[in-house]
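Below you'll find the structure, written out as structure tokens, and then a few comments.
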Amino acid sequence: MARDMIRDILAREKPGGPVTVQGWARTVRAQKHVIFMQLNDGSCLADLQAVVAEDHPDFAALRVIGAGAALEVTGELAESAGKGQRFEIMADQITVHGDADPTAYPLQKKRVSFEVMREKLAHLRPRAKTFGAVFRVRNALSHAIHTFFQDRGFVWVHTPIITASDAEGAGEMFRVTTLDPVAPPRTQAGDVDFGKDFFARPTFLTVSGQLEAELYALALSNVYTFGPTFRAENSNTSRHLAEFWMVEPEVAFCDIHGNMDLAEAFLKHLFRTVLDDCAEDMAFFNQWIEKSTCKTLEHIVESPFERLTYTEAVDLLERSGEKFEYPVSWGKDLQSEHERYLCEKKIGRPVIVTDYPKDIKAFYMRLNDDAKTVRGMDVLVPRLGEIIGGSQREDRLDVLERRIDECGLDPSHYWWYFDTRRFGSVEHAGFGLGFERLVQFVTGMANIRDVIPFPRTPNNADY
RNA sequence: UCCGGCUUAGCUCAGUCGGUAGAGCAAGUGGCUGUUAACCACUGGGUCGGCGGUUCAAAUCCGUCAGCCGGAGCCA
């Protein structure tokens, strides 16, 4: 008989008919005359209860089935005689595909902290309710990202994982090499000779696909990247990973205003989609993980985003009378506390701050006519602060070369990037979104390591 | 990487003044009216994060390394 997914069964209007469910036992409650088995197959948060009556030929053997066993149950779908669920299966045929020794299986009916699941049980944690919900929502967000861009005619560009450029000079990079680490070839000066390495030059794992995405935007007009990026920073926080996924749209013939419109529509689409399509999982997060998450997302979807220049934002903060741990002054980057004050207390909805001082932003952002600020933009949301960072790019060759020089970067690494400003340059803009931070924000999960299947952090790559 | 806290049974934790270890949950066994993290009774379960030091004696004091948590920096 064909398999029925629990999600589909629970969506039925009426009981009746034989069904076959394949899944894992969440708990088994064996009584003298009846056994209740709670089954989950990952298709949704809810379990389906299988009822084994006393006259079942295997009743005695089935009493000792423990949590974690892989089971296949066929039987009539009935209206539940007990409270707590609409339907249940009156088990007819039961196959135990794989038992789980209860003295050894760690996910028993008890609370296990996220830390333990992450450190000792990362291989089994997708079977826990919270992680099932996290990874279904993560999937829904990935899908929504592609849908948003594909529906608007954007081309998904697969930018390289291995790169020779150091992008924006932002962050330590992981070196990629096939040289013998014990006895690498040396130059006459005694340095490691990367000319003899696999690519005949030093190479690294990418820290951003933005520069490559710009090349493709200046040919295909609307593009986006969505893939893994790597930072070798020794960051030990609940918001950083050494390997994470990033979304980076890039649009030609577009200035910073078009960029802001895109970012606003993008976030609203993502939040609307999870609220609609992941209602059961989102209700779970709202009840157990972060009590304000659904309200916050609804509020963002319904609110027009406020747009302020950095100079206006600093002015508002200075006049606010609010005491900040870090004082505000023009020229310094906004701290998380400033960002949160702006959109939570002062404005009361998402805020996009633009036109930052050039000295606190990257070389590729377009210089304004005042020669002091650049066309960068940060999208700030309640509870998190910055969720998106982007800019209109510097499209003038002479200004770009000057900025590279000012930032102390080696222009010889960027000859191909300069060529796009030499041949058919046009204004263009884009932004970046850290995917795990998005998942974190939507689910309310406190630690970023719990929203990626296999977190990579300093001293941790066990699974 | 910096500051602070923490690391004891499978899990969550207690452990006084330094005298060699305790609870709840989970598990096992038995019982049980259709249960919902079922319930009731009993039972088993420990290299006190690693290494080193002080002491007659260390879970406890000191040093060091590692990890986790919170904050900061870096950033996404």
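Remember, it's a predicted structure, so these values are computed and weren't measured experimentally. Chain letters run A, B, ... following the sequence lines, proteins first, then strands; residues in each count from 1.
Residue A:Lys120 has its side chain nearest to B:C11 when only B:C11, B:C69, B:G34 are considered.
One P atom belongs to B:U60, the other to B:C48, and the distance between them is 10 Å to the nearest Å. Atom name P, nucleotides B:G46 and B:C11: the rounded distance is 14 Å, in whole Å.
The base of B:U35 sits within donor-acceptor range of the side chain of A:Gln49, with an N or O pair under 3.5 Å. Side-chain atoms of A:Glu88 and base atoms of B:G34 include a donor and an acceptor less than 3.5 Å apart.
Base pairing of B:U1: its partner is B:A72, meeting the Watson-Crick or G-U wobble criterion (both donor-acceptor distances under 3.5 Å). If you check B:G45 for Watson-Crick or wobble pairing at under 3.5 angstrom, you find it has no partner at all. Nucleotide B:A66 is matched to B:U7 when pairs are restricted to Watson-Crick or G-U wobble geometry with both distances under 3.5 angstrom. In this structure, B:A14 forms no base pair with any nucleotide, since neither Watson-Crick nor G-U wobble geometry is met with both distances under 3.5 Å. Base pairing analysis places B:U60 opposite nothing; no Watson-Crick or G-U wobble pair with both distances below 3.5 Å involves it. B:C39 is paired with B:G31 under the Watson-Crick or G-U wobble criterion, all donor-acceptor distances under 3.5 Å.
Counting non-hydrogen atoms under 4.0 angstrom, A:Tyr326 reaches the backbone sugars and phosphates but no base. Contacts of A:Glu386 with the nucleic acid, taken as non-hydrogen atoms under 4.0 Å apart, are absent. At a threshold of 4.0 angstrom between heavy atoms, the contacts of A:Arg239 include nucleobase atoms, whether or not backbone atoms are also involved. Among the atoms of the strands shown, none is found under 4.0 Å from any heavy atom of A:Ile35.
Here B:A41 presents its C1' atom at 16 Å from NZ of A:Lys32, a figure rounded to the nearest Å. The nearest whole Å value for the distance from the CD atom in A:Glu119 to the P atom in B:C11 is 11 Å.
The side-chain tip of A:Arg307 does not point at the ring of A:Phe305 from less than 6.0 angstrom away and within 45° of straight on.
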